[in-house]
J.: 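This is the structure, below, for whatever I ask next.
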Protein chains: 2
Amino acid sequence: MQRPLETLDPNLLKGLREHVHERLRQAIIAGQLPTGMLLNERKVAAELGVSTTPLKEALRRLELEGLVRTEPRRGIRVTFDAGQAEEMALARAALESMVARLAAARITDEALDNLRGITEGMKKATQSGAVSRLIELNEAFHDAIHAASGCHYLKRLLVGQLIYDKAARRFLLGDRDERGRALVEHLAILAALEARDEDGAERAMRDHIVRSGKQHVQTAFERR
Amino acid sequence: MQRPLETLDPNLLKGLREHVHERLRQAIIAGQLPTGMLLNERKVAAELGVSTTPLKEALRRLELEGLVRTEPRRGIRVTFDAGQAEEMALARAALESMVARLAAARITDEALDNLRGITEGMKKATQSGAVSRLIELNEAFHDAIHAASGCHYLKRLLVGQLIYDKAARRFLLGDRDERGRALVEHLAILAALEARDEDGAERAMRDHIVRSGKQHVQTAFERR
DNA sequence: TATTGCGACTTGATATATCAAGATTCATGA
DNA sequence: TCATGAATCTTGATATATCAAGTCGCAATA
């Protein structure tokens, strides 16, 4: 009996411009392309080994995400600084708390059970300091709330407001106190969802994202 | 003595892709390009009298704004429907209420005086049914709060979440009850700002945008 | 010595050409 | 008659060429 074939790597389904966008976004957020740097389309295209067309489209998207600004006939300026990162964290807090509010109104018992399982795992990983596992669980936690809200567009908007990469998350969660704070906050969010308390879920999520966002901004820009 | 020259029309400072973006966005929101329609890049470019390059860039932006979806080798699908419009209204409510919260924390006495003046004008225009004036004042009101918050990026994000055009606004504010509700809500927002009540400003703004957003979705999709 | 104008150069914006990935249609074989 | 494979066509994706709008540097003039 034939086994089903495995699905293709999702990266194979992406075009050049998505790869270019991710590569540049990552380089900006990680500080490899620092604030104020002036990029040149032809040079960046040559470095990446692509033509200017997918690069332009990627740059346009980065511009909408506030990470760069086109200065016609001068170059592309990297604008990702502490102020921009703060505003992006606020945008994310705003959107995530709206999502949490809707999730509190709409969540199923199954989804709550799933979240309980995730937070049990978080407790263990927090105590043992298993940072990679904690990152996975954190993503699963937020993904589950996104799913419960049923808001695909809000989720897509959120993706553009991320201001940290995996290295930054690992760094931040390497701190024991930070792990403790994050756990308490996730548990508060869960409690509000269990109570189907819209105001409570919104507040708990906003407080969580605003606080952890501040941490990310601080570590990203005070180690530059 | 020479008088200073007048500044140029800001539209002259925009490139083709911005004009194309605005034209398409307006056509989608007004229903001229209805939900589900399949657009073809070469045809649309020819209709607009431009090449496919600025059109592609405009389409990419519309895709990020959730109004269309590219189906490679098939066409560009218009995806702006009631569900998408609802999510955009929620996104706007989320962002506007974060802006209002920050404005409540940061607003100056001068800005409050300005808002009082605007709401005085709103009272008059509401009573007299001066819809165009009311639209102007509404924009000034929200612009003033945006300015008070100091968040340029959040303001730029907001622009992409608008789901109505001038015709829709005129239609909605043509209703006397709607004008009354909007006035009450604006006054509630002002009261919270005057009290520098962050939670109150956030709630009042969110309630305002969610409610008026529902109205816009209803009138936009139930008259199709 | 400083200012202004002009020419050359560089860069993003846009136009056009080409590629390639499906989609559609038609023909053939079972 | 239906299913499958091949050929053709259409479309978005990408590459490349060209345009034009500044920018910069240099020379001339006051």
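Just so it is clear: chains get the letters A, B, ... in the order the sequence lines come, proteins before strands, and each one is counted from 1. This one's a predicted model, so the numbers in the text were calculated from it and none came from an experiment.
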J.: Report the residue (A:Ser51 or B:Glu41) whose heavy-atom-nearest nucleotide on DNA chain D is the more 5′ of the two.
T.: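 Checking each residue's closest nucleotide, the 5'-ward one belongs to B:Glu41.
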J.: So which nucleotide from C:dA13, C:dT11, D:dT14 ends up closest to the side chain of A:Asn40?
T.: C:dT11
J.: Select one nucleotide: of C:dT16, C:dA15, C:dT14, the one nearest the side-chain heavy atoms of B:Arg17.
T.: C:dT14
J.: Picking from A:Glu63, A:Arg77, A:Lys56, A:Glu41, what satisfies side chain to side chain donor-acceptor pair (under 3.5 Å) with A:Thr70?
T.: A:Glu63
J.: Would one find a side-chain N or O of B:Thr53 under 4.0 angstrom from OP1 or OP2 of C:dT14?
T.: no
J.: Any donor and acceptor pair, going by atom type alone, linking the side chain of A:His186 with main-chain N or O of A:Ala182 inside 3.5 Å?
T.: yes
J.: Quickly work out the A:Lys43 NZ to C:dG12 P distance and round it to whole Å.
T.: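 Distance, rounded to whole Å: 9 Å.
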J.: Tell me the interatomic distance from A:His21, atom NE2, to D:dT14, atom C1', rounded to whole angstroms.
T.: 18 Å
J.: Would you kindly give the CZ-to-C1' distance between B:Arg77 and C:dA23, to the nearest whole Å?
T.: 13 Å
J.: Between B:Arg60 and B:Glu57, does a salt bridge (Lys or Arg N to Asp or Glu O under 4.0 Å) hold up when you go through it step by step?
T.: CA-CA 5 Å; B:Arg60 211 61 60 214; B:Glu57 297 207 356; over 6 Å; no
J.: For A:Thr35 and A:Phe221, which heavy atoms make the closest approach, and how far apart are they?
T.: OG1-CE2, 4.1 Å
J.: Looking only at atom types and distance, does a side-chain atom of B:Arg179 sit under 3.5 Å from a main-chain N or O of B:Ala130, one as donor and one as acceptor?
T.: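 Judged by distance alone, no pair lies under 3.5 Å.
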J.: To the nearest angstrom, how far is B:Leu55 atom CG from D:dT11 atom P?
T.: 14 Å
J.: Pair A:Glu65, A:Leu62 - check side chain to side chain contact (heavy atoms under 4.5 Å, CB included), show working.
T.: CA-CA 5 Å; A:Glu65 288 169 355; A:Leu62 291 169; 3.8 Å; yes
J.: Taking A:His208 for its side chain and A:Ala204 for its backbone only, find out whether a donor-acceptor pair lies under 3.5 Å.
T.: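 Not a single qualifying donor-acceptor pair exists.
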J.: Side chain of B:Thr70 only, please: which of C:dG12, D:dG12, C:dT14 is the nearest?
T.: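 Shortest atom-to-atom distance from the side chain points to D:dG12.
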J.: Do you know which two heavy atoms are closest between A:Lys166 and A:Ile135, and how far apart they sit?
T.: O-CD1, 4.5 Å
J.: Between B:Lys14 (NZ) and C:dT14 (P), how many Å, whole number?
T.: 13 Å
J.: Quick one: label A:Leu39 by what it contacts on the DNA or RNA (base, sugar-phosphate, nothing), any heavy atom closer than 4.0 Å.
T.: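 Sugar-phosphate, backbone atoms only, no base.
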J.: Whole angstrom is fine here: how far is it from NZ in B:Lys56 over to P in C:dA17?
T.: 15 Å
J.: Hey, what are the protein-to-nucleotides 18-22 of chain D N/O distances that come in under 3.5 Å?
T.:
unit_1 : atom_1 : unit_2  : atom_2 : d
D:dA21 : O4'    : A:Arg73 : NH1    : 3.3
D:dA21 : O3'    : A:Arg73 : NE     : 3.2
D:dA21 : O3'    : A:Arg73 : NH2    : 3.0
D:dG22 : OP1    : A:Arg73 : NH2    : 3.2
D:dG22 : O4'    : A:Arg73 : NE     : 3.4

J.: Using the rule given for salt bridge (Lys or Arg N to Asp or Glu O under 4.0 Å), can you reason through A:Glu139 versus A:Arg169, listing the C-alpha separation, both sets of side-chain angles and the distance that settles it, and then say yes or no?
T.: CA-CA 11 Å; A:Glu139 282 183 19; A:Arg169 297 173 90 173; 2.9 Å; yes
J.: Just to be sure I understand the geometry, which residues of residues 59-67 of chain B put a non-hydrogen atom under 4.0 Å away from DNA chain D?
T.: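 B:Arg60, in order of number.
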J.: Whole angstrom is fine here: how far is it from CG in A:Leu38 over to P in C:dT10?
T.: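 In whole Å, C:dT10 P and A:Leu38 CG are 15 Å from each other.
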